[in-house]
Amino acid sequence: MDDRYAPSALWEYNNSVKVTEQGVAELGSFKSEPVNFKLALWDPQVNGVRYLKALIFELATRLTPENRSRLRRIRGRELGSPITVTHDGDRVCMDYLLAVHELDFISRHLPLDGARVLEIGAGYGRTCHAIFANHRVEEYCIVDLARVLSLSRAYLGRVLAPEDFARVRFVPVDDTDDLDRALGGSRFELCLNIDSFAEMPPGTVLNYLDLVDRRCTALYVNNPVGKYLEKELDNHAQGEEVVRMALATGLLRDVLDIHDSRAVEALAPKFLSSYRPGPHWETVADGGAVPWSYYWQALYRRSTAPGAGPDEGSDAGSDAGAGAA
């Protein structure tokens, strides 16, 4: 070898453990092997945060001026030490990027100022936080498991103004034997479910949809269109029993290739009909949900007032409403 062009010590190491003779000979599989993780890609098995930050950064570059303004109005986003990038002077995390995209979708079709909002499964409360930062809502009711509510109550108590926090009601569904009684006579202009219907028993989802049908005039749903079994995504790190349990939850249990756009779109009609709360509801808007390939979002509106009369032959959870969109 001409010593003037000798490889670095780093590449001598790479040649010994990554770009090996055997590795470069595996033409049929090298692009998913260590050799290519040195030549072209970072190894996804050990570079998850790097790829997540790259995704966050790319999404931040695509923020519209309206969504950038929405994001900047949300104060206190740094609480909890999220994984962030800095773009155009803003510290940006995935959670609040999702929140502003969801808020953008909803607000294009539904006025939120003065609304009474019900959220089923709020996580730590980022959607509630984003809505209060951008709209003057009358009331915000969160129905969730008691343990999760302990987090959202503490989080929202820190990030919301006292007058806004006073308008949030927390209802622990596992600490009441009658959710309807716990909600009292409340009616809501909007119900939200983001990424939790898919994790509930099917019967529980249907019961919530019945509650929405009786108490709400609009419903926003953002959930997966089905299930996946690609072990390479997470190596089933939580164990096969957790995988089995996950496959049994939700109304939409078809297994699909979640990175096949046609496969995802083919299940969209089933998504729309399954989450339609009843026969007197119409789909106002729907579409894929940024950034996850297999998530769909839809906004439904009731055509008659809640409680105006009994619904004949409620078809929530059936395929009868597949053409509603």
Side-chain angles (χ1 to χ4, degrees), residues 17-18 23 26 28-60 80-85 92-99 101-102 121-127 144-145 147-148 151-152 193-202 204-205 221-268 270-271 274-275 288-297:
V17 299
K18 300 286 187 181
E26 296 292 339
S29 61
F30 80 95
K31 289 183 180 178
S32 297
E33 299 291 342
V35 58
N36 204 44
F37 297 152
K38 293 312 300 179
L39 296 177
L41 295 175
W42 290 299
D43 184 350
Q45 296 291 334
V46 294
N47 282 275
V49 173
R50 186 194 299 265
Y51 280 111
L52 175 60
K53 285 195 168 190
L55 177 58
I56 295 170
F57 191 90
E58 178 61 24
L59 291 172
S81 300
I83 296 171
T84 63
V85 302
V92 184
C93 69
M94 180 62 79
D95 280 346
Y96 283 97
L97 279 173
L98 297 180
H101 279 289
E102 292 152 2
Y124 66 78
R126 53 101 162 156
T127 304
D144 212 332
L145 300 174
R147 184 168 297 173
V148 182
L151 174 59
S152 59
N193 182 267
I194 299 169
D195 203 18
S196 65
F197 275 167
E199 299 178 343
M200 299 178 187
T204 299
V205 181
V221 179
N222 185 328
N223 274 266
V225 300
K227 306 291 186 179
Y228 63 90
L229 272 173
E230 293 179 66
K231 192 171 183 179
E232 66 177 356
L233 295 181
D234 62 0
N235 201 32
H236 292 179
Q238 299 181 79
E240 297 301 325
E241 179 63 15
V242 172
V243 173
R244 185 193 65 79
M245 290 189 291
L247 291 173
T249 59
L251 300 179
L252 303 173
R253 299 185 297 278
D254 294 296
V255 176
L256 73 151
D257 179 352
I258 61 173
H259 297 112
D260 180 337
S261 61
R262 291 181 177 177
V264 172
E265 290 168 2
L267 287 173
K270 189 172 183 179
F271 178 102
S274 296
Y275 289 128
V290 173
W292 314 123
S293 59
Y294 62 111
Y295 275 61
W296 208 259
Q297 59 185 341

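Treat the numbers as computed from the prediction; the structure is a model and nothing was measured. FYI, side chains are in, hydrogens and waters are out, and symmetry mates aren't considered; it's all heavy atoms of this structure.
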Full working for side chain to side chain donor-acceptor pair (under 3.5 Å) between Asp95 and Tyr124:
CA-CA 10 Å; Asp95 280 346; Tyr124 66 78; 2.7 Å; yes

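- Side-chain contact between Lys270 and Asp254 is present, with heavy atoms from C-beta onward closer than 4.5 Å.
- Here the closest non-hydrogen pair linking Gln297 and Gly288 is NE2-O, 3.3 Å.
- Here the OH-CG distance, from Tyr228 to Leu247, works out to 9.5 Å after rounding to the nearest 0.5 Å.
- Atom NZ of residue Lys38 and atom CG of residue Asn36 lie 11.5 Å apart, to the nearest 0.5 angstrom.
- Put simply, the side chain of Asp144 never gets that close to the backbone of Val148: no donor and acceptor are under 3.5 Å apart.
- At a threshold of 4.5 Å between non-hydrogen side-chain atoms, the residues Val243 and Leu229 count as touching.
- A donor-acceptor contact shorter than 3.5 Å links the side chain of Asn47 to the backbone of Asp43.
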Carefully, step by step, assess Asn223 and Phe271 under the rule side-chain contact (heavy atoms from CB on, under 4.5 Å).
CA-CA 9 Å; Asn223 274 266; Phe271 178 102; 4.1 Å; yes

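- Between atom CE of residue Met94 and atom CZ of residue Arg126 there is a gap of 10.5 Å, rounded to the nearest 0.5 Å.
- At most 12 non-hydrogen atoms from other residues, nucleotides or ligands lie less than 6.0 angstrom from CD1 of Ile83.
- Not counting sequence neighbours, the partners of Glu241 by the salt bridge (charged side-chain N to carboxylate O under 4.0 Å, His left out) test are Arg244.
- Here the side chains of Glu58 and Pro291 are not in contact, with every heavy-atom distance at 4.5 Å or above.
- Going from atom CG of Leu151 over to atom CG of Leu145 covers 12.5 Å, rounded to the nearest 0.5 Å.
- The two atoms that bring Gly23 and Phe30 nearest to each other are O-CB, 4.1 Å, heavy atoms only.
- With values rounded to the nearest 0.5 angstrom, Leu41 atom CG is found 12.5 Å from Glu33 atom CD.
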Under 3.5 Å, which donor-acceptor pairs link side chains of residues 259-268 to any protein atom two or more places apart or in another chain?
residue, atom, partner, partner atom, Å
Asp260, OD1, Arg262, N, 3.0
Asp260, OD1, Ala263, N, 3.3

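- Between Met200 and Ser196, the closest heavy-atom pair is CG-O, 3.3 Å.
- Looking only at distances, a side-chain donor or acceptor of Tyr51 sits under 3.5 Å from a matching main-chain atom of Trp42.
- Rounding to the nearest 0.5 Å gives a distance of 12.5 Å between CG of Leu252 and CH2 of Trp296.
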Does the side-chain contact (heavy atoms from CB on, under 4.5 Å) test come out yes or no for Lys227 and Thr249, once each step is laid out?
CA-CA 9 Å; Lys227 306 291 186 179; Thr249 59; 3.0 Å; yes

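- Within a 6.0 Å sphere centred on CD of Gln238, other residues, nucleotides and ligands contribute 12 heavy atoms or fewer.
- Between Ser152 and Gly125, the shortest heavy-atom distance links the atoms CB-N, 4.3 Å.
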With side-chain contact (heavy atoms from CB on, under 4.5 Å) as the test, would you mind laying out the steps for Leu59 and Val92 before giving the verdict?
CA-CA 10 Å; Leu59 291 172; Val92 184; over 6 Å; no

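- Nearest heavy atom pair, residue Leu251 against residue Tyr275, reads CD1-CE2, 4.1 Å.
- Using modelled atom types, one side-chain atom of Ser293 and one backbone atom of Ile258 make a donor-acceptor pair closer than 3.5 Å.
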Using the rule given for side-chain contact (heavy atoms from CB on, under 4.5 Å), can you reason through Asn222 versus His101, listing the C-alpha separation, both sets of side-chain angles and the distance that settles it, and then say yes or no?
CA-CA 11 Å; Asn222 185 328; His101 279 289; over 6 Å; no

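- Gln45 approaches Glu232 most closely through the heavy-atom pair NE2-O, 4.0 Å.
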